[in-house]
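Residue numbers run from 1 in the order of the sequence given.
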Amino acid sequence: MPPKGKKYVDSSKKVDRQHLYSPAEAVEMVKSLAPAKFDETVELAVRLGVDPRKADQIVRGTVGLPAGTGKDVRVAVFAAGDAAAEAREAGADVVGADDLVNRVQGGFLDFDVAIATPDLMGQVGRLGRVLGPRGLMPNPKLGTVTTDVGKAVGEFKGGRVEYRTDKVGNIHVPVGKASFERDKLLTNVRAVLDELQRAKPASTKGKYVRSVTLSSTMGPGIRIDPARVKITDEELAGVA
């Protein structure tokens, strides 16, 4: 592992590794300790007490970030006819049917989200080996296989993000940029934590939220107290 940069080391010295911070404290620290000259992405990492080897304990879905992601999300839509026109009107970056399937097979992957209408999934299914490993395969459970493509494009352009447990039960979700105001970042963090609670599998046993960490792209991780993941309106307003 390469040595950490001086700015990272200096930022890390300001973090008490043994302390568990409140979500509001973590947001304020992440903002103040983001060392890079560019606008760093802020990411929430959550370790869940689930066994992803069991199908009924895979935690997966999408969540809308009220304050957006701060990123220009590139959306590709596999659709034809009226649905294709609807997707273009909603702001999709690239729209097509068989022609788009062929482009992707030829190596085109310049998009962050792929949406498809159900009638085109037969063709899109051929792209499984290309889109699957990159997490781009349209999936009805994620709202990316739909007849309402206009709504889906608008949601993903506006700040809807996907989440899924990895093989050891961790979830990593971008929640905005270091330049975001405190309340906007905290609102997004609350949206993700509330969604993970809602998505808790009925078959899980024991402690569900094991650990929570907030960090910027180049900054140190700030550990959040798992017992305080329910962010109140008072905390959001900065009066708690």
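- Put simply, the side chain of V209 reaches to within 4.5 Å of the side chain of P226, judged on heavy atoms.
- Between P138 and V124 the shortest side-chain heavy-atom distance falls below 4.5 Å.
- A donor-acceptor pair shorter than 3.5 Å cannot be found between the side chains of D148 and T146.
- When the side chains of ILVMFWY residues are joined at heavy-atom separations under 4.5 Å, either directly or via intervening members, V101 and L120 end up in a single hydrophobic cluster.
- Summarising the geometry of A87 relative to V95, their closest heavy-atom pair is CB-CG2, 4.0 Å, with the distance given to 0.1 Å.
- In this structure, R182 and A24 approach most closely via the heavy-atom pair NH2-CB, 3.6 Å.
- One distance of note links CG of D225 with OG of S211; it measures 11.5 Å at 0.5 Å rounding.
- To the nearest 0.5 Å, the span separating CG on L185 from CZ on R190 amounts to 14.0 Å.
- Of the charged side-chain nitrogens involved, at least one lies within less than 4.0 Å of a carboxylate oxygen, so that D112 and R74 count as a salt-bridged pair.
- V46 and L65 end up in the same hydrophobic cluster when Ile, Leu, Val, Met, Phe, Trp and Tyr side chains are linked at under 4.5 Å.
- Of all the heavy atoms in A83 and V149, the pair that sits closest is O-CG2, 3.3 Å.
- In this structure, the side chains of D72 and K157 come closer than 4.5 Å at one or more pairs of heavy atoms.
- At distances below 3.5 Å, at least one donor-acceptor pair connects side-chain atoms of T217 with backbone N or O atoms of T41.
- How far CD of E162 is from CD1 of I171: 12.0 Å, rounded to the nearest 0.5 Å.
- Nearest heavy atoms, V229 versus Q197: CG2-NE2, 3.7 Å.
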Item to check | Test side chain to side chain contact (heavy atoms under 4.5 Å, CB included) applied to F108 and N102, step by step | outcome: CA-CA 9 Å; F108 173 73; N102 291 333; over 6 Å; no
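- Linking ILVMFWY side-chain heavy atoms closer than 4.5 Å, directly or via other members, places L109 and F78 in a single hydrophobic cluster.
- In this structure, CD in E43 is found 5.5 Å from OG in S215, a value given to the nearest 0.5 Å.
- For the atom pair CD1 of I115 and CG of L142, the computed distance is 11.0 Å after rounding to the nearest 0.5 Å.
- The side-chain heavy atoms of P23 and L186, taken from C-beta on, include a pair separated by under 4.5 Å.
- For Q105, the CD atom sits in a packed shell: over 12 heavy atoms of surrounding residues, nucleotides or ligands are nearer than 6.0 Å.
- Taking the charged nitrogens against the carboxylate oxygens, D51 and R53 do have a contact shorter than 4.0 Å, which makes a salt bridge.
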Checklist entry - Given V192 and N188, is the side chain to side chain contact (heavy atoms under 4.5 Å, CB included) satisfied, shown in steps? => result CA-CA 6 Å; V192 174; N188 283 352; 5.8 Å; no
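- In the displayed structure, D99 atom CG is contacted under 6.0 Å by more than 12 heavy atoms of other residues, nucleotides or ligands.
- A salt bridge does not link K177 to E40: none of the charged nitrogens lies less than 4.0 Å from a carboxylate oxygen.
- Here the side chain of R160 pairs no donor or acceptor atom with the backbone of G154 at under 3.5 angstrom.
- Using a 4.0 Å cut-off between a side-chain N of Lys or Arg and a carboxylate O of Asp or Glu, K31 and E28 do not qualify as a salt bridge.
- The closest side-chain heavy-atom distance from D194 to K230 is below 4.5 Å.
- Side-chain atoms of E25 come within 3.5 Å of backbone N or O of S22 as a donor-acceptor pair.
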Next on the checklist: Pair L193, L44 - check side chain to side chain contact (heavy atoms under 4.5 Å, CB included), show working.
Outcome noted: CA-CA 9 Å; L193 292 174; L44 187 70; 3.8 Å; yes
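- In this structure, the side chain of S216 engages the main chain of G219 through a donor-acceptor pair within 3.5 Å.
- For K184, the NZ atom is loosely surrounded, since the number of other residues' heavy atoms within 6.0 Å does not exceed 12.
- Looking at every heavy atom in both residues, A84 comes nearest to A79 through CB-O, 3.6 Å.
- To the nearest 0.5 angstrom, I58 atom CD1 is 14.0 Å from K167 atom NZ.
- Between D110 and R103 there is no salt bridge, since none of the side-chain N atoms of the basic residue sits less than 4.0 Å from a carboxylate O of the acidic one.
- You'll find the side chain of F111 reaches within 4.5 Å of the side chain of L136, heavy atoms only.
- Y21 and H19 have perpendicular rings, their planes meeting at more than 60° on a 0 to 90° scale where under 30° would count as parallel.
- By the 4.0 Å N-to-carboxylate-O rule, K71 lies too far from D39 to be salt-bridged with it.
- In terms of modelled atom types and a separation under 3.5 Å, the side chain of T204 and the main chain of P201 share a donor-acceptor contact.
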Checklist entry - Given the rule in the side chain to side chain donor-acceptor pair (under 3.5 Å) test, do R223 and T213 qualify, once you have shown the distances and angles that lead to the verdict? => result CA-CA 4 Å; R223 297 173 63 208; T213 304; 5.8 Å; no
Checklist entry - Between T147 and T117, is a side chain to side chain contact (heavy atoms under 4.5 Å, CB included) present by the stated rule, with each step listed? => result CA-CA 5 Å; T147 55; T117 53; 5.8 Å; no
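- No donor-acceptor contact under 3.5 angstrom links the side chains of N139 and T144, judged on distance only.
- Here the shortest heavy-atom pairing between G128 and P133 reads O-CD, 3.5 Å.
- At distances below 3.5 Å, not a single donor-acceptor pair connects side-chain atoms of Q57 with backbone N or O atoms of V50.
- The shortest side-chain heavy-atom distance between L48 and T165 falls under the 4.5 Å cut-off.
- Linking ILVMFWY side-chain heavy atoms closer than 4.5 Å, directly or via other members, places L214 and F180 in a single hydrophobic cluster.
- Using a 4.5 Å heavy-atom threshold, the side chains of M137 and M121 count as touching.
- Not a single donor-acceptor pair under 3.5 Å links the side chain of N170 to the backbone N or O of D166.
- Linking Ile, Leu, Val, Met, Phe, Trp and Tyr residues whenever their side-chain heavy atoms come within less than 4.5 Å leaves F156 and Y163 in two separate clusters.
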